Amino acid sequence: MIKTMRPFKSLAILLFGAGIALGAGVSAEASQTAQQIANHFASVKTMKGEFVQFGPRGEQTAGTFQIARPGKIRFDYEPPAKFRVVSDGRNLLLNNQKLDTFDLYPLSKTPLKLLLNNKINLSGRQVQSIKEEPDLVTVVMADKSVFGNSKITIMFDPKTNALRQWTVTDNQGKDTTVMLFNVQEGARVDTSRFRIDYSKYNWQAGNEAASSAKR
């Protein structure tokens, strides 16, 4: 049975924090470099590759991912994790295959939405800080109204504009880092891999995510 609209799980926040909308920060002029990178990233309509995730206690997991704009993403974790994350453009499904549990969230309620939009706007109000180095551009963002004191630190390659990794610091100050590698931009992806079969789950009446899914 699918469980819906529970408090947003740490795994989802850790994995998808890169799209968080932000509070007051640096000026729009100072974010020009970050916006150029964001424009490039948004122009990549499909992407696939591999990832490694490092948890706050040093735990390490890995797997593969696929992205198709707008709104679609899939992360498959390698055993023994047996976990998958799927967004079909409307909702985000977190599936623990080992425990046979499911959690569903409207995509519009998650930071992943901004990451997967056709356009990514990094205005001055959305960026806390930008650090530019010869081999790395680091953008720090946060959304106090949605995620409290948590923040996301995103790192790009300034030579290629490629997304290298992101680190999410949660409300307890614990960090989790997701590193991407063997990334293929513009790769052919299987669109069926982003589908969510809503008919197989028992939906809770009145739930926003379920209502959205059934429309």
Side-chain angles (χ1 to χ4, degrees), residues 1-21 41-42 44-51 53 55 61-121 143 145-147 150 152 163 166 168 170 176 178 180 183-215:
M1 178 176 178
I2 197 164
K3 299 179 181 179
T4 53
M5 294 302 294
R6 299 195 321 202
F8 198 64
K9 284 190 170 183
S10 60
L11 173 63
I13 296 173
L14 297 174
L15 185 57
F16 300 123
I20 294 175
F41 184 62
V44 179
K45 301 307 179 185
T46 60
M47 178 186 298
K48 66 181 181 180
E50 302 173 70
F51 72 91
Q53 179 175 307
T61 52
T64 60
F65 75 93
Q66 298 183 65
I67 291 174
R69 296 185 192 279
K72 299 178 178 65
I73 196 168
R74 182 180 178 111
F75 275 70
D76 290 288
Y77 286 74
E78 295 177 350
K82 297 189 69 174
F83 201 93
R84 68 185 175 106
V85 178
V86 181
S87 170
D88 63 358
R90 292 183 299 174
N91 294 294
L92 178 67
L93 178 69
L94 310 182
N95 174 211
N96 186 324
Q97 296 166 302
K98 183 176 181 179
L99 299 178
D100 195 29
T101 60
F102 301 83
D103 294 274
L104 189 81
Y105 306 91
L107 182 61
S108 61
K109 302 292 186 179
T110 73
L112 179 61
K113 179 181 183 297
L114 292 180
L115 183 67
L116 297 177
N117 278 344
N118 280 324
K119 294 183 179 180
I120 300 175
N121 180 26
D143 186 352
S145 65
V146 178
F147 294 107
S150 65
I152 175 75
L163 175 64
W166 63 80
V168 171
D170 66 17
T176 295
V178 175
L180 306 181
V183 175
Q184 302 175 47
E185 296 184 352
R188 180 176 297 179
V189 297
D190 182 358
T191 56
S192 68
R193 301 281 286 169
F194 304 112
R195 294 174 186 164
I196 298 175
D197 184 3
Y198 297 103
S199 65
K200 67 186 294 186
Y201 307 122
N202 296 319
W203 298 93
Q204 297 178 7
N207 182 270
E208 180 180 351
S211 298
S212 173
K214 290 183 177 180
R215 286 199 294 267

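What you see is a predicted model; the values in this text were computed from it and never measured.
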Engineer: List for me each residue that meets side-chain contact (heavy atoms from CB on, under 4.5 Å) alongside Asp88, sequence neighbours excluded, and say none if there are none.
Structural biologist: Arg90, Asn91, Ile196, Tyr198

Engineer: Hey, what do you get for CZ (Arg84) to CZ (Arg193), rounding to the nearest 0.5 Å?
Structural biologist: 8.5 Å

Engineer: If you apply the rule side-chain hydrogen bond (donor to acceptor under 3.5 Å, both in side chains), what do you find for Asn118 with Arg69, and how did you get there?
Structural biologist: CA-CA 6 Å; Asn118 280 324; Arg69 296 185 192 279; 5.8 Å; no

Engineer: Is it the case that over 12 heavy atoms from other parts of the model lie below 6.0 angstrom from the NZ atom of Lys45?
Structural biologist: yes

Engineer: Just how far is it from atom CD of Gln53 to atom OG1 of Thr176, taken to the nearest 0.5 Å?
Structural biologist: 6.0 Å

Engineer: Once side-chain contact (heavy atoms from CB on, under 4.5 Å) is applied, do any residues pair with Val44, and if so which ones, sequence neighbours excluded?
Structural biologist: His40, Met47, Glu185

Engineer: How far does CG of Leu92 sit from CG of Leu104, to the nearest 0.5 angstrom?
Structural biologist: 7.5 Å

Engineer: Enter the distance from Arg188:CZ to Gln66:CD here, rounded to the nearest 0.5 Å.
Structural biologist: 12.5 Å

Engineer: Rounded to the nearest 0.5 Å, how far does CZ of Phe75 lie from CD of Glu50?
Structural biologist: 12.0 Å

Engineer: Could you measure the distance from the CG atom of Leu163 to the CD1 atom of Ile67? Nearest 0.5 Å is fine.
Structural biologist: 8.0 Å

Engineer: Please work out whether the ring planes of Phe51 and Tyr77 are parallel, tilted or perpendicular, with thresholds of 30° and 60°.
Structural biologist: perpendicular

Engineer: For Thr46, enumerate each residue passing the side-chain contact (heavy atoms from CB on, under 4.5 Å) test, keeping only those at least two apart in sequence or located in another chain.
Structural biologist: Ala68, Val189

Engineer: Heavy atoms, side chains only, cut-off 4.5 Å: are Leu99 and Lys82 in contact?
Structural biologist: no

Engineer: Taking the side chain as every heavy atom from C-beta outward, state whether Val85 and Phe65 have any pair of such atoms under 4.5 Å apart.
Structural biologist: no

Engineer: Verify, without hydrogens or angle tests, whether Asn95 (side chain) and Phe83 (backbone) share a donor-acceptor contact under 3.5 angstrom.
Structural biologist: no

Engineer: With no hydrogens and no angle check, is any side-chain donor or acceptor of Ser87 less than 3.5 Å from a backbone partner on Gly71?
Structural biologist: yes

Engineer: Is Asn117 close to Pro70 at the side-chain level, that is, under 4.5 Å between some pair of heavy atoms?
Structural biologist: no

